[in-house]
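Lettering follows sequence order; numbering is per chain, from 1.
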There are 2 protein chains.
Amino acid sequence: MRPREFDHDDVLRIAFDQFWRKGVRGTSLSDIARDAGVQRGSLYNAFGSKEALFLQAYERYAGDYLVALQKALGAGSLRKRLTAFFDLTITNFRSGTPPRGCPTTRGLMELGAAEGEGLDEEARQAFANLVSRITALVQDALSAGAARGEFSGNSAAAALHIITVTRGLAVLERAFGDEAQLRKIAAHTIDLVLDKKGR
Amino acid sequence: MRPREFDHDDVLRIAFDQFWRKGVRGTSLSDIARDAGVQRGSLYNAFGSKEALFLQAYERYAGDYLVALQKALGAGSLRKRLTAFFDLTITNFRSGTPPRGCPTTRGLMELGAAEGEGLDEEARQAFANLVSRITALVQDALSAGAARGEFSGNSAAAALHIITVTRGLAVLERAFGDEAQLRKIAAHTIDLVLDKKGR
DNA sequence: CCACGTTCTTGACGCCGTGTCAAATACTCT
DNA sequence: AGAGTATTTGACACGGCGTCAAGAACGTGG
């Protein structure tokens, strides 16, 4: 067995950085290969295809991101948790220069041609999966808050509403790039969900 | 002057249909040319580039869509208006088989690499423009509703919130494709904005 | 009514991207 | 050391974008 001349994880990180900045279709394997100091063919040998490479790189990101969200949603009052959640969300897709946007949302709209269409189906699943997991996390926080009397309402519906807003923020970020506006919308949403200006 | 052998508007409609179904990067000028019964070179002669063609096709769509929204937001109680607005929004991106999603949102996430990046800047402007106009329409409806005592609150903030939700719905549509769920979120949002279950 | 000029059309080209393949290479294990 | 195996490498086919020069079709002025 001839050993690999590159580090599997390094390539994954380099690749995801490119995908994040330029989109999946906008990133060529040549770009990644150059950046990683690897021959293009080696990437095909190691990962199979561009989409497979993206998928692996995305899963890595998704795992890390979920852990960070879990942490943000796990401490303090419900209001504090939700604030930290929105904060992390916005910070995430305002990161980089220029800001890279939300990879999940970008991926969904770029690749999610439609249910059943091309082979992007697997990618769509991965995106949808992360969204589901985040929704569950938020819902847990809300349920816990309800038990402590910090929230009265349907946790499931409220969680879904919050997730919808975060996805919308990811879109508005691309449209306007005004971070302050995004944070205002986030604060407003928290107020709305937490039964008005209650603190 | 040799006359054109194809109808400018026909091509625009055919092109936008393709862009809508397969995304901008996922649609080739060869596809459009074949569909329209036109040589690829003729498209370059008439429109200049793929992006220019998309832009023209998109502007056409945006104009029509805005008129429809204006109509939906212009009659009945505030609740009825907002319901009609969400209804049209969801129906729009659930149209087609399979559903094509929201062209504006898809375009934004696909092309909006970032402010200042490639020449997609012009496209980003077009998308952002439509979002702004829709926001203004919703805000007008809310202001009018406030004057009639159907709504108490900040019209601007509420309009922005509603727009954010619609963008989020466009994303969730891609992720899950569950139309009933989208409609639930929409209804929930209306309740939230209109100060709880008040009718 | 015919020649001219202007515009549209057509086909070939260069470049880049994806994905495949066979040959060369570098290691491991016996 | 030698055989086997996985990786690397470079060439190839294919398709997409955009450009260009040559050909074709029409209006117009003589």
Looking only at side-chain atoms of [X], point me to the closest of [options].
X	options	value
B:K50	D:dC12, C:dC8, D:dC17	D:dC17
A:M1	D:dA6, D:dT8, C:dT18	D:dA6
A:N45	D:dT8, C:dT9, C:dC13	D:dT8
A:R40	C:dC8, D:dT9, D:dC12	D:dC12
A:S30	D:dT8, C:dT18, C:dT9	C:dT18

So, is [X] near the phosphate of [N], with a side-chain N or O under 4.0 Å from OP1 or OP2?
X	N	answer
A:R2	C:dT25	no
A:Q39	D:dT7	no
A:S49	C:dG19	no
A:S42	D:dT7	no

Could you give the [atom1]-to-[atom2] distance, from [X] to [N], as a whole number of Å?
X	N	atom1	atom2	value
B:F19	D:dG16	CZ	P	13 Å
B:Q18	D:dC17	CD	C1'	16 Å
A:R4	D:dT9	CZ	P	13 Å
A:R25	D:dC17	CZ	C1'	15 Å
B:Y44	C:dA12	OH	P	17 Å
B:L29	D:dC17	CG	C1'	7 Å
B:F47	C:dC8	CZ	P	11 Å
A:E5	D:dA6	CD	C1'	12 Å

Flag the pair A:R183 and A:D178 as a salt bridge only when some basic side-chain nitrogen lies within less than 4.0 angstrom of an acidic carboxylate oxygen.
-> no

Does A:R21 come within less than 4.0 Å of A:D17, counting only side-chain N to carboxylate O?
-> yes

Comparing A:L43 and B:G41 on DNA chain D - which has the more 5′ nearest nucleotide | A:L43

A:F127 and A:Y58: CA distance, side-chain angles, deciding distance, ring pair (Phe, Tyr, Trp, His ring centres under 6.0 Å) verdict | CA-CA 9 Å; A:F127 300 132; A:Y58 179 75; 4.8 Å; yes

How about A:L53 and A:L12: do any of their side-chain heavy atoms sit closer than 4.5 Å?
-> yes

With DNA chain C as reference, determine whether B:P3 or A:R34 sits nearer its 5' end, using the nearest nucleotide of each.
-> B:P3

Please check if the side chain of A:R167 supplies one atom and the backbone of B:V171 the other of a donor-acceptor pair under 3.5 Å.
-> no

